[in-house]
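The structure appears below as structure tokens.
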Amino acid sequence: MAARRTPAVPAPGLAPAGATALSTLAGVGPKVAEKLAARGLDTLQDLWLQLPRGYEDRTALTPISLLQPGVAAQVEGRVEAVERGFRYRPLLRVALCDDSRATLVLRFFHFRAAQAAQFQPGARVRAYGTPRPGQRGLEIVHPSYTLPGDEDEGAAGLGDCLDPVYPAVEGIGPATMKRLITQALDRLPGDDVLELLPPGLLRTHRLPGLREALLTVHRPPRDADVGALLAGTHPAQRRLAFEELLAHHLSMRSQRLARQAHAATPLADAGLADRLRAGLPFAFTGAQERVLAEVRADLARPVPMLRLVQGDVGSGKTVVAAMAALMAVADGRQAALMAPTELLAEQHLGNLRGWLEPLGVEVAWLAGKVTGRARDHALAGVADGRAQVVVGTHALMQQGVAFHDLALAIVDEQHRFGVHQRLALRDKGGEGGRVPHQLVMTATPIPRTLAMAAYADLDVSAIDELPPGRTPVQTVVMAGGRRPELIERIRAACAEGRQAYWVCTIIDESDDVVAQAAQATYEGLSAALPGLRVGLVHGRMKAAEKQAAMRAFKGGDCDLLVATTVIEVGVDVPNASLMVIENAERLGLAQLHQLRGRVGRGSEASSCVLLYQAPLSRTARERLATMRETGDGFVIAEKDLELRGPGELLGTRQTGLAAFRVADLARDAAMLPLVHELGEGLLQDHPAVAARLVARWVGGATRYASA
């Protein structure tokens with residue numbers, strides 16, 4: 001481990017060559033430059049860091065007789081026969097035979113007449129691809145190939161390093177991309193110009209310098225460990241992954257330092273909050289007490305709070321947020337709570353009005369369905385300060401919404417909002433040089449490793465304790481063929497006065513398909529259970545219809561609710577004790593856990609049935625087994641990270657975190673403590689080096705990283 005205070009580090013700028021425009025490369029005219037720029041590729045450095053997504057081994061020839069299905073290889077042989085057909089579509093088959101006297105078929109569906117004419121019987125062909133069983137033995141579909149002359153016998157023309165396969169860039173062929181990157185690498189400077197990491201760190205952890213790492217990843221020698229390269233564990237990749245993780249960490253910590261340079265209104269009056277606590281019919285858990293103390297300490301400071309409160313479904317995050325809001329109100333200022341759906345926002349509205357209005361606090365409601373005079377009245381109250389707490393959806397961020405004095409912005413299920421939306425809400429209170437405190441909440445527990453990397457600019461609190469009286473949910477995994485007995489189980493549960501959900505989860509590009517599936521299920525269950533009151537809610541319904549269906553279910557006027565995943569967050573019906581999730585194998589662990597959290601919210605024993613359609617993939621089997629084995633959201637989150645990766649778990653497209661080029665948070669988690677240690681030292685002792693690392697890997701994405 002490096003010492004906390006790093007040794008002296010040279011602080012060269014990014015290599016001058018790295019900032020050179022790609023238009024200086026041969027073959028890059030205005031049109032090609034425009035296509036490259038559309039993928040964020042503008043300079044030589046961008047091409048140095050445009051790393052391969054895979055490799056092809058063209059350094060050797062494999063006898064056809066030794067080919068294995070599914071294992072990519074390069075072969076060379078002579079054309080034995082050529083067959084063209086047009087039965088359903090154009091088809092070209094070329095039979096190759098080599099000295100092993102075995103035959104391989106090359107199959108083409110897209111080809112030109114001139115291309116087909118090249119394959120004359122007796123012509124030598126060198127081809128690369130992945131063989132698979134065909135009608136006449138092994139075949140390769142659309143191989144890459146060359147036709148070497150007879151003078152190129154044996155190993156002539158074979159590569160001396162593995163061939164990189166680069167991510168596709170629209171409008172630019174793979175051969176052109178490879179040629180451009182080769183040109184860029186020819187201008188790669190030495191480590192005396194490139195290197196930004198302490199030499200002692202590289203020696204201690206046996207990592208190569210940046211130049212060596214880049215050349216190895218782009219041009220692996222023929223004796224390179226292909227398995228390690230494909231797994232991302234080669235020392236060259238570990239070197240690049242470490243620097244990338246460090247750059248992202250530095251970016252987020254720099255954002256935090258910049259934000260702490262702003263002023264915020266200190267909020268220390270807890271009188272109203274204590275009055276709320278005294279009137280609650282329940283006591284706080286130890287975890288709630290701990291998190292509330294952390295929030296209060298943040299709010300009392302003159303710098304903006306940015307704290308993430310994560311906690312399992314039903315752990316009591318909302319009441320902690322209400323206590324924080326009352327501290328803003330007690331100071332004569334405003335708080336806003338934003339939720340991603342009207343269902344969730346309306347539930348928050350009901351809770352906050354029930355808790356705060358008896359204390360004389362006015363709670364306003366702003367959502368898309370609030371129109372006309374009601375909207376005008378709400379906007380006026382927000383603008384003149386009469387509305388002390390404002391609850392809403394993305395409508396809170398619209399241009400016509402002006403706060404009188406917003407001191408606290410609360411965002412629930414923050415990962416569901418786009419970056420610009422969260423910045424827009426924060427900026428609503430950015431007057432007079434002050435910015436609002438921010439409290440973000442999620443019921444999707446975030447693995448510790450992911451939080452260390454993705455939320456390095458936030459303080460993270462966990463409410464990791466459920467209130468007493470909550471009963472664990474028994475989870476059962478069941479094949480789809482057992483539907484009839486499930487229907488009888490629902491009939492029995494509802495006859496005892498309980499309620500149930502039936503969730504339809506067909507995943508498709510079109511929401512219409514999910515709505516149709518829910519409609520068909522609703523009709524089928526209504527027919528099968530004529531004595532029950534069956535309701536329906538899905539995303540294609542009008543907002544008023546959804547609200548009416550949910551109110552009927554919550555009020556006990558509906559026994560069985562057929563729904564899509566719109567009920568994933570924000571539905572609190574303590575009497576609902578049974579949930580069926582259809583096609584559960586199609587959902588990720590986090591979503592399954594969120595849905596399951598809709599039951600078990602009362603004192604009755606509750607069950608969740610995961611109904612699946614065979615056959616199950618390995619990943620689907622692991623997901624369902626995890627759901628059956630544990631109800632701990634943090635354990636589930638760690639498994640979800642392992643199975644799905646960080647991008648999907650965080651919703652990377654929305655968080656504004658640039659996708660990692662080399663690093664993988666699940667694979668490289670062991671590096672994070674050292675990343676944090678070195679990062680803090682660089683920010684303190686070598687801020688110029690830190691800035692250059694951020695510029696190299698992150699560029700201009702830093703504002704969004706802190707949103």
Side-chain angles (χ1 to χ4, degrees), residues 312-314 470-507 514 517-518 520-529 531-538 553 558-569 571-617 619-633 636 639-640:
D312 229 329
V313 176
R470 291 289 299 271
T471 54
V473 178
Q474 181 187 13
T475 303
V476 179
V477 178
M478 194 177 286
R482 296 174 64 183
R483 244 175 110 100
E485 64 184 82
L486 262 182
I487 293 174
E488 288 307 310
R489 186 169 169 181
I490 287 173
R491 190 197 310 274
C494 293
E496 294 173 3
R498 296 197 296 276
Q499 292 167 279
Y501 297 96
W502 191 294
V503 183
C504 299
T505 61
I506 292 177
I507 303 299
V514 189
T521 302
Y522 165 74
E523 292 168 2
L525 290 173
S526 297
L529 298 165
L532 298 187
R533 299 164 296 176
V534 184
L536 173 66
V537 61
H538 59 71
F553 188 63
C558 168
D559 302 305
L560 171 62
L561 183 65
V562 178
T564 60
T565 54
V566 295
I567 65 155
E568 180 184 341
V569 292
V571 184
D572 188 359
V573 182
N575 191 46
S577 61
L578 174 60
M579 172 177 282
V580 177
I581 303 178
E582 198 155 15
N583 298 111
E585 77 279 0
R586 294 174 178 265
L587 295 185
L589 273 171
Q591 199 169 20
L592 287 170
H593 182 60
Q594 287 283 309
L595 286 167
R596 178 172 63 182
R598 299 303 106 209
V599 293
R601 302 180 77 84
S603 56
E604 289 285 345
S606 298
S607 301
C608 178
V609 180
L610 306 178
L611 209 57
Y612 69 87
Q613 297 296 324
L616 288 176
S617 67
T619 300
R621 279 197 304 273
E622 286 194 49
R623 279 200 299 259
L624 297 183
T626 301
M627 289 295 294
R628 189 173 53 215
E629 291 162 5
T630 183
D632 187 325
I636 287 170
K639 188 66 176 179
D640 211 18

Only counting residues at least two apart or in another chain, list the ones meeting side-chain hydrogen bond (donor to acceptor under 3.5 Å, both in side chains) with Glu629. none
Check whether [X] reaches the backbone of [Y] with its side chain - one donor and one acceptor, N or O, closer than 3.5 Å.
X	Y	result
Thr505	Asn583	yes
Glu585	Gln613	yes
Asn575	Gly497	yes

Test log, rule side chain to side chain contact (heavy atoms under 4.5 Å, CB included), inputs Arg598 and Val503: CA-CA 11 Å; Arg598 299 303 106 209; Val503 183; over 6 Å; no
Test side chain to side chain contact (heavy atoms under 4.5 Å, CB included) applied to Leu532 and Ile490, step by step: CA-CA 10 Å; Leu532 298 187; Ile490 287 173; 4.2 Å; yes
Taking side chain as C-beta onward, heavy atoms only, is [X] less than 4.5 Å from [Y]?
X	Y	answer
Cys504	Val562	yes
Leu595	Tyr501	no
Trp502	Leu611	yes

Exactly one of Glu604, Arg498, Glu496 should register a side chain to side chain donor-acceptor pair (under 3.5 Å) with Ser577. Which one does?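 Single side chain to side chain donor-acceptor pair (under 3.5 Å) partner of Ser577 among Glu604, Arg498, Glu496: Arg498.
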Partner set under side-chain contact (heavy atoms from CB on, under 4.5 Å) for Glu485, not counting sequence neighbours: Met478, Arg482
Step by step, work out the side chain to side chain contact (heavy atoms under 4.5 Å, CB included) result for Thr521 and Leu536. CA-CA 9 Å; Thr521 302; Leu536 173 66; over 6 Å; no
